[in-house]
There are 2 protein chains.
Amino acid sequence: MENLQVNIKIDARLYLRDPDSTALGRRIVASGIELIHSLGFEQFTFKKLGEHIGSPESSIYRYFESKHALLIYLVSWYWSWIDYKLVFATINIDDPAVKLDRAITQLLLPIEEDTSISHVNEVLLHEIVIAESSKIHHTKDVENNNEKGCFHKYKQVIERVSNIVLEVNPTFKYPHMLVSTLIEGIQQQRYFAEHLPSLTDVQHNEDAISAFYKSLVFKTVA
Amino acid sequence: MENLQVNIKIDARLYLRDPDSTALGRRIVASGIELIHSLGFEQFTFKKLGEHIGSPESSIYRYFESKHALLIYLVSWYWSWIDYKLVFATINIDDPAVKLDRAITQLLLPIEEDTSISHVNEVLLHEIVIAESSKIHHTKDVENNNEKGCFHKYKQVIERVSNIVLEVNPTFKYPHMLVSTLIEGIQQQRYFAEHLPSLTDVQHNEDAISAFYKSLVFKTVA
DNA sequence: TTTTTTATGATAGTAATACTAGTATATTTG
DNA sequence: CAAATATACTAGTATTACTATCATAAAAAA
């Protein structure tokens with residue numbers, strides 16, 4: 001991908017103070033990603049993050065009201081970034097089938113660090129999304145979070161791919177179900193391949209995941 | 001289904017003391033289901049459960065080493081029960097396609113309380129599995145839990161349905177991926193329909209979920 | 001029936017978590 | 001240079017997720 005300077009803008013309701021606007025904020029995000037990745041979300045605390053960046057936890061609380069809010073911010077960032085890559089991958093392509101194929105390919109592509117966006121390590125963030133993002137949906141305050149726009153970027157990706165599905169087959173009845181099944185399925189298979197290989201047909205073999213989901217989507221849409 | 005007296009046996013490594021063997025144990029399971037359902041897993045504590053059943057939390061810790069262990073026990077119980085129902089639904093059926101159709105139907109069936117198994121409310125348990133079961137996989141000790149057999153019953157269900165898929169099409173390469181995508185997808189769509197309707201094509205419409213997944217499976221396997 | 005074992009209850013205690021509050025000191029901005 | 005704002009430092013709290021101890025009650029073995 002071109003080395004364009006991109007700015008991922010995140011809905012102001014998802015933070016108390018914009019972490020992108022200060023050095024401390026960027027350190028919270030950058031080190032937050034590293035620590036959530038290495039400790040796992042449950043073992044991760046603002047206290048540990050504070051020690052890691054040499055700031056008191058009370059300073060972190062000025063940016064995010066809780067560690068859950070930080071996770072929601074990171075996951076939103078991720079989906080914004082994926083959405084941007086999807087736009088890029090499918091722009092100026094006329095044949096809907098090719099467009100869909102490219103979109104799926106993009107979703108299945110292994111993540112490389114995107115040097116154009118400095119303080120975020122996309123490789124680690126991607127692994128966080130695989131391992132932890134179910135925790136932002138499965139809480140008693142999903143509905144509130146939904147109203148606050150926490151899942152907006154994720155919906156936008158689903159919407160974008162759904163529309164391509166409809167271009168391929170305008171009579172297809174369940175585009176959102178198909179696309180959310182696809183996206184969640186990809187994440188899940190990657191997680192299983194890494195942590196519970198007995199549950200899948202692949203071991204660290206991204207090609208199998210790609211082959212399976214491409215065929216699944218095209219057969220289902222047809 | 002017939003009103004047979006069934007006994008769901010759970011691997012002894014999943015508890016400290018068998019909750020099925022004592023009145024207190026059964027109360028822990030029965031009230032545990034109610035409380036996890038009403039509070040959500042993060043708000044649920046052994047202290048609250050103790051107050052609810054009139055026992056100190058230290059007594060509950062004699063049965064389960066943590067609330068996570070209780071959740072794992074409940075989810076294993078659920079998949080044992082589903083596996084039993086799958087066996088029942090597919091027994092003595094020769095045509096593989098019919099067998100697969102029945103298996104999928106069973107997985108998609110709305111849950112009714114099974115009066116033959118007294119102290120477990122299967123309707124609530126099913127909703128717990130939908131909302132909370134991702135929390136037993138997505139932790140830093142998945143691998144340990146996997147070795148302890150925590151996910152064995154779930155695997156058994158996947159294995160059983162995968163084998164039926166292979167009967168339909170012996171050359172199909174990814175039966176486990178298909179079946180786990182199916183099972184997780186069903187749960188996810190139900191969760192979305194209930195809590196995040198904007199992410200799906202259905203509102204409380206189980207028929208759409210059934211229609212979509214049946215067509216997806218048969219088209220993919222063919 | 002008595003003894004012994006085992007299960008439960010009652011109470012206490014601990015380290016860690018997820019915050020909140022207040023005040024002093026930098027740092028930035030006008 | 002003054003005023004506003006951000007950060008650091010310190011302290012404190014309620015809750016959580018346990019663990020430990022000891023007395024008692026109930027069940028099983030003798």
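Just so it is clear: chains get the letters A, B, ... in the order the sequence lines come, proteins before strands, and each one is counted from 1.
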| Which whole-number value in Å describes the distance from A:Glu42 CD to D:dC18 C1'? | 17 Å
| When all nucleic acid strands are considered with a 4.0 Å heavy-atom cut-off, which category describes B:Tyr61: base, sugar-phosphate, or nothing? | base
| message | Tell me the closest heavy-atom pair linking B:Glu147 and B:Arg13, and the distance in Å. | response | O-NH1, 3.5 Å
| field | d(NE2, B:His68; C1', D:dT16) in whole Å | value | 11 Å
| message | I need the CG-P distance between B:Leu49 and C:dT8, as an integer number of Å. | response | 14 Å
| field | For atom NZ of B:Lys47 and atom C1' of D:dT16, their distance in whole Å | value | 9 Å
| task | Give a yes/no answer on whether the side chain of A:Arg17 brings an N or O atom under 4.0 Å of OP1 or OP2 in D:dT7. | result | yes
| query | If you look at every strand shown and take non-hydrogen atoms under 4.0 Å, does B:Phe64 touch a base, only sugar-phosphate, or nothing? | reply | nothing
| query | Phosphate oxygens OP1/OP2 of C:dG9: is one of them under 4.0 Å from a side-chain N or O of B:Ser59? | reply | yes
| Nucleotide C:dT8, atom C1' - distance to CZ of B:Arg62 in whole Å | 6 Å
| Within this structure, what is the NZ-to-C1' distance between A:Lys67 and C:dT20, rounded to whole angstrom? | 18 Å
| remark: All heavy atoms of B:Asp18 vs all of B:Tyr63, minimum pair found to be O-CE2, 3.9 Å
